[in-house]
Amino acid sequence: MSGIDLVYYWNSAGITGRMCLLDYLKAHKIPFVNRLFLEDLRALNKITQTYVVAKNNIRTTKTIVQKEASYDRLLELLGTPFVMKAAFGSRGKKVYLIKSEEEYDSARQTMSGCELLYQQFIPNDGDFRIHVVGGKAVCAYKRVPLGDSFKANVSQGGSMEKVTDAALLQQIFLMAEKVAASFIGCETVRVHLMQDKNT
């Protein structure tokens with residue numbers, strides 16, 4: 001790794017790879033960004049992320065974390081449909097929209113062994129992703145799902161549109177910067193925001 005000016009780490013090295021990389025970077029005094037993701041595996045956990053944001057008085061969707069959650073109880077707390085997702089994952093994988101007990105049982109079986117969280121579904125026509133660098137929001141785009149899919153991930157067929165509305169940009173930039181400030185040790189943060197299409 002000689003001649004490297006800076007390492008920008010995301011999340012693909014695994015636990016052992018992460019430890020080895022961190023030791024190497026420190027030993028060779030190579031600067032790196034997003035130290036939190038290298039030093040603390042919990043930073044990549046969606047349950048932890050939701051907790052950190054909520055703890056900093058930032059509104060999040062209603063979330064339930066319970067190892068043995070019953071369908072009826074989740075229905076009572078979250079309404080229908082609701083979202084079930086794995087604590088670790090990306091690109092829209094291990095995320096399900098649950099509309100029935102049969103779908104719930106099937107998804108639970110598919111994600112056996114995964115740490116799960118359940119969230120209230122927000123009716124939407126896409127979501128916003130904002131990139132925050134050094135505490136300042138620098139760009140935003142809207143991710144739009146394909147057809148009637150509830151997932152807006154590009155890897156799931158969604159598309160991206162640059163946000164150009166100045167008033168909207170100001171609003172979502174302020175929110176994204178507040179979220180990013182909750183994660184000490186992350187120089188670059190991607191923040192997802194969702195707007196209820198009815199309210």
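This one's a predicted model, so the numbers in the text were calculated from it and none came from an experiment.
By the criterion of side-chain heavy atoms lying less than 4.5 angstrom apart, applied directly or through intervening Ile, Leu, Val, Met, Phe, Trp or Tyr residues, L169 is grouped together with F128 in one hydrophobic cluster. Residues L75 and V83 do not share a hydrophobic cluster, defined by chaining ILVMFWY side chains whose heavy atoms lie under 4.5 Å apart. By the criterion of side-chain heavy atoms lying less than 4.5 angstrom apart, applied directly or through intervening Ile, Leu, Val, Met, Phe, Trp or Tyr residues, L168 is grouped together with V132 in one hydrophobic cluster. No single ILVMFWY cluster, assembled from side-chain heavy atoms under 4.5 Å apart, contains both Y141 and V138. Neither L97 nor Y104 shares a network with the other; the hydrophobic side chains, linked directly or stepwise wherever heavy atoms of I, L, V, M, F, W or Y lie under 4.5 Å apart, form separate groups for each.
Interatomic distance, OG1 of T48 versus CD of E115, reported as 7.5 Å (0.5 Å rounding). One finds the CD1 atom of I122 at 12.5 Å from the NZ atom of K62 (value rounded to the nearest 0.5 Å). Atom CD of Q120 sits about 8.5 Å away from atom CG of D196, to the nearest 0.5 Å. Expressed to the nearest 0.5 Å, how far CG of D127 lies from CE of M194 amounts to 4.5 Å. Distance check, rounded to the nearest 0.5 Å: CG of L117 to CE of M84 gives 10.0 Å. Atoms CG and CD1, from L78 and I98 in turn, are 11.0 Å apart once rounded to the nearest 0.5 Å.
Remark: Y118 pairs with R108 by the side-chain hydrogen bond (donor to acceptor under 3.5 Å, both in side chains) rule, at least two apart or across chains. Applying the side-chain hydrogen bond (donor to acceptor under 3.5 Å, both in side chains) criterion to T63, with sequence neighbours excluded, gives Q119. Under the side-chain hydrogen bond (donor to acceptor under 3.5 Å, both in side chains) criterion, K46 pairs with no residue at all, not counting sequence neighbours. Residues forming a side-chain hydrogen bond (donor to acceptor under 3.5 Å, both in side chains) with N124 (at least two apart in sequence, or on another chain): none.
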Listing, residues 146-153 side-chain donor-acceptor contacts under 3.5 Å, not counting sequence neighbours, or none:
residue : atom : partner : partner atom : Å
S149    : OG   : K151    : N            : 3.1
S149    : OG   : K151    : O            : 3.4
K151    : NZ   : G92     : O            : 2.7
K151    : NZ   : V95     : O            : 3.0

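The closest donor-acceptor contact from the side chain of S182 to the backbone of V53 lies at 3.5 Å or more, if one exists at all. The backbone N or O of I58 sits nowhere less than 3.5 Å from a side-chain atom of N56 that would complete a donor-acceptor pair. Side chain of T110 to main chain of S106: a donor-acceptor pair is present (N/O by atom type, distance under 3.5 Å, no hydrogens or angles).
Counting non-hydrogen atoms of other residues, nucleotides and ligands closer than 6.0 Å to CE of M175 gives a total of 12 or fewer. The number of heavy atoms from other shown groups lying within 6.0 Å of CD (E177) is above 12. Within 6.0 Å of atom CD in E101, more than 12 heavy atoms from other residues, nucleotides or ligands are found, so the atom counts as buried in its surroundings.
Contact check for H192 versus R143: side-chain heavy atoms found under the 4.5 Å cut-off.
For the residue pair I47 and L116, the shortest heavy atom distance occurs at CD1-O, 3.8 Å. Between F121 and P81, the closest heavy-atom pair is CB-O, 3.3 Å. Counting all heavy atoms, side chain and backbone alike, V191 lies closest to A176 at CG2-O, 3.7 Å. Contact between P145 and G126 at its shortest, heavy atoms only, is CD-CA, 3.7 Å.
Between R190 and H131, the side chains place no donor N or O within less than 3.5 Å of an acceptor N or O (distance only, hydrogens not considered).
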Practice task
Evaluate the criterion side-chain contact (heavy atoms from CB on, under 4.5 Å) for residue pair K85 and K94; output intermediate values, then yes/no.
Solution key: CA-CA 6 Å; K85 63 176 73 169; K94 299 182 184 177; over 6 Å; no
Practice task
Verify side-chain contact (heavy atoms from CB on, under 4.5 Å) between I30 and Y24, making sure each step is shown before the conclusion.
Solution key: CA-CA 8 Å; I30 298 172; Y24 184 89; 3.8 Å; yes
Problem - side-chain contact (heavy atoms from CB on, under 4.5 Å) between R129 and M160, worked out - result: CA-CA 9 Å; R129 178 175 278 183; M160 293 189 304; over 6 Å; no
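Residue pairs meeting the side chain to side chain donor-acceptor pair (under 3.5 Å) criterion with at least one member in residues 70-79, sequence neighbours excluded: R73-E76.
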